[in-house]
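Scroll down for the structure; my scribbles are underneath it.
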Amino acid sequence: MRSRTVVTLICVLLSCSAARANAQDRHPPASSSDKPHPLAQEMFKAGAMACASVAHQLASLVSSGKEISLLQVPQKDVDRNIVDATLLVPKEKGLALVSMTFAPNQASGCGASFRGVMYVDHPCPKAAEKACAELKMQPLGGTGALLGIINPKAQVIFMPASKGCVLVTDELVR
């Protein structure tokens, strides 16, 4: 899987600058463990085998080793239908939520998309500058929200909330 496909996850959980530096066509670094990520294990046990390796790759990129994963699978034909997974990833202050959708039997194998959501204690302009300084942010109407286009398949939105900002990233992986 190309590192570029996880730019938005890293933008929410780390920073766009680091993600851009690593956004080359290469596989993510191997895990220190030979064991598949618990999400991939859950998918395999539930019968969603076609996308378990993609789930392993995505979940491993945001893994803290302490995240909680929730899996939703259909009752029939699990390996032929959309599967949804949610990771709750502990951060220094609160949680990040990463929602992933996996679609087996696509032209490219397993199609996937994800959305990452995280609250930060900074106003949105400051949060955008800190997390994704190299992106040109576009205001979204009079909402106070900012939009950054990472690539044609990925975007990040900074939305005002209370005294801080909610970061939402979306990406089509395959």
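This is a predicted model, so every value here is computed, not measured.
In terms of heavy-atom proximity, Cys165 sits nearest to Phe158 at SG-CB, 3.6 Å. Nearest heavy-atom pair across Ala52 and Met43 is N-CE, 4.3 Å. Across Asn81 and Pro74, no two heavy atoms sit closer than the pair CB-CG, 3.6 Å. Taking both residues in full, the closest heavy atoms of Val83 and Gln72 are given as CG1-O, 3.5 Å, listed atom of the first, atom of the second, then distance. Here the shortest heavy-atom pairing between Val73 and Leu71 reads CG1-CG, 3.8 Å. Here the closest non-hydrogen pair linking Ser113 and Leu172 is CB-CD2, 3.8 Å.
In this structure the side chain of Cys51 reaches within 4.5 angstrom of the side chain of Pro104, judged on heavy atoms. Side-chain contact between Lys153 and Asp170: absent, with no pair of heavy atoms (C-beta onward) separated by less than 4.5 Å. With contacts defined as side-chain heavy-atom distances shorter than 4.5 Å, the pair Lys76/Val78 does not qualify. Annotation: side chain of Thr143 is not in contact with side chain of Met159 (no heavy-atom distance under 4.5 Å). Annotation: side chain of Leu61 is not in contact with side chain of Ser63 (no heavy-atom distance under 4.5 Å). By the 4.5 Å heavy-atom criterion applied to side chains, Thr86 and Leu97 are counted as neighbours. Residues Leu135 and Ile149 have side chains not in contact (no heavy-atom distance under 4.5 Å, counting atoms from C-beta outward). For the pair Leu147/Met137, no side-chain contact is recorded, criterion being any heavy-atom separation below 4.5 Å from C-beta on.
Inspection of the Glu42 and Ser69 side chains reveals an N or O donor paired with an N or O acceptor under 3.5 Å.
For the pair Gln57 (side chain) and Ala55 (backbone), a donor-acceptor distance under 3.5 Å is absent. Panel note: side chain His56, backbone His37; a donor-acceptor pair is recorded below 3.5 Å. Between the side chain of Gln41 and the backbone N or O of Pro36 there is at least one donor-acceptor pair closer than 3.5 Å. Judged purely by atom type and a 3.5 angstrom limit, Asp77 has no side-chain atom pairing as donor or acceptor with the backbone of Arg80. The main-chain N or O of Gly164 is found under 3.5 Å from a side-chain atom of Tyr119 such that the two form a donor-acceptor pair. With hydrogens and angles ignored, the 3.5 Å screen pairs a side-chain donor or acceptor of Glu67 with a backbone N or O of Ser64.
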Give the intermediate values and the outcome of side chain to side chain contact (heavy atoms under 4.5 Å, CB included) for residues Leu95 and Val89. CA-CA 5 Å; Leu95 295 170; Val89 184; over 6 Å; no

Side chain to side chain contact (heavy atoms under 4.5 Å, CB included) between Leu58 and Val173, intermediate numbers included: CA-CA 9 Å; Leu58 288 177; Val173 178; 4.2 Å; yes

Show, in sequence, the C-alpha distance, side-chain angles and deciding distance for Arg115 and Val98, and conclude whether the side chain to side chain contact (heavy atoms under 4.5 Å, CB included) test is met. CA-CA 6 Å; Arg115 172 172 289 151; Val98 179; over 6 Å; no

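The NZ atom of Lys136 sits 12.5 Å away from atom CG of Leu146, with the distance rounded to the nearest 0.5 Å. For the atom pair CD of Gln155 and CD of Gln138, the computed distance is 10.0 Å after rounding to the nearest 0.5 Å. Rounding to the nearest 0.5 Å places CG of Leu87 at 8.0 Å from CG of Leu70.
Grouped with Phe44 in one hydrophobic cluster are Met49, the linkage being side-chain heavy-atom contacts under 4.5 Å among Ile, Leu, Val, Met, Phe, Trp and Tyr residues.
Asp84 pairs by the side-chain hydrogen bond (donor to acceptor under 3.5 Å, both in side chains) definition with Thr101, not counting sequence neighbours.
Under a cut-off of 6.0 angstrom, the local environment of CD1 in Ile82 is sparse, with at most 12 non-hydrogen atoms contributed by other residues, nucleotides or ligands.
With respect to Val166, the side-chain contact (heavy atoms from CB on, under 4.5 Å) criterion is satisfied by exactly one of Ile157, Val120, Val117: Val117.
Pairs of residues two or more places apart, or lying in two chains, that qualify as salt bridge (charged side-chain N to carboxylate O under 4.0 Å, His left out) and include a residue from residues 92-105 are Lys93-Asp121.
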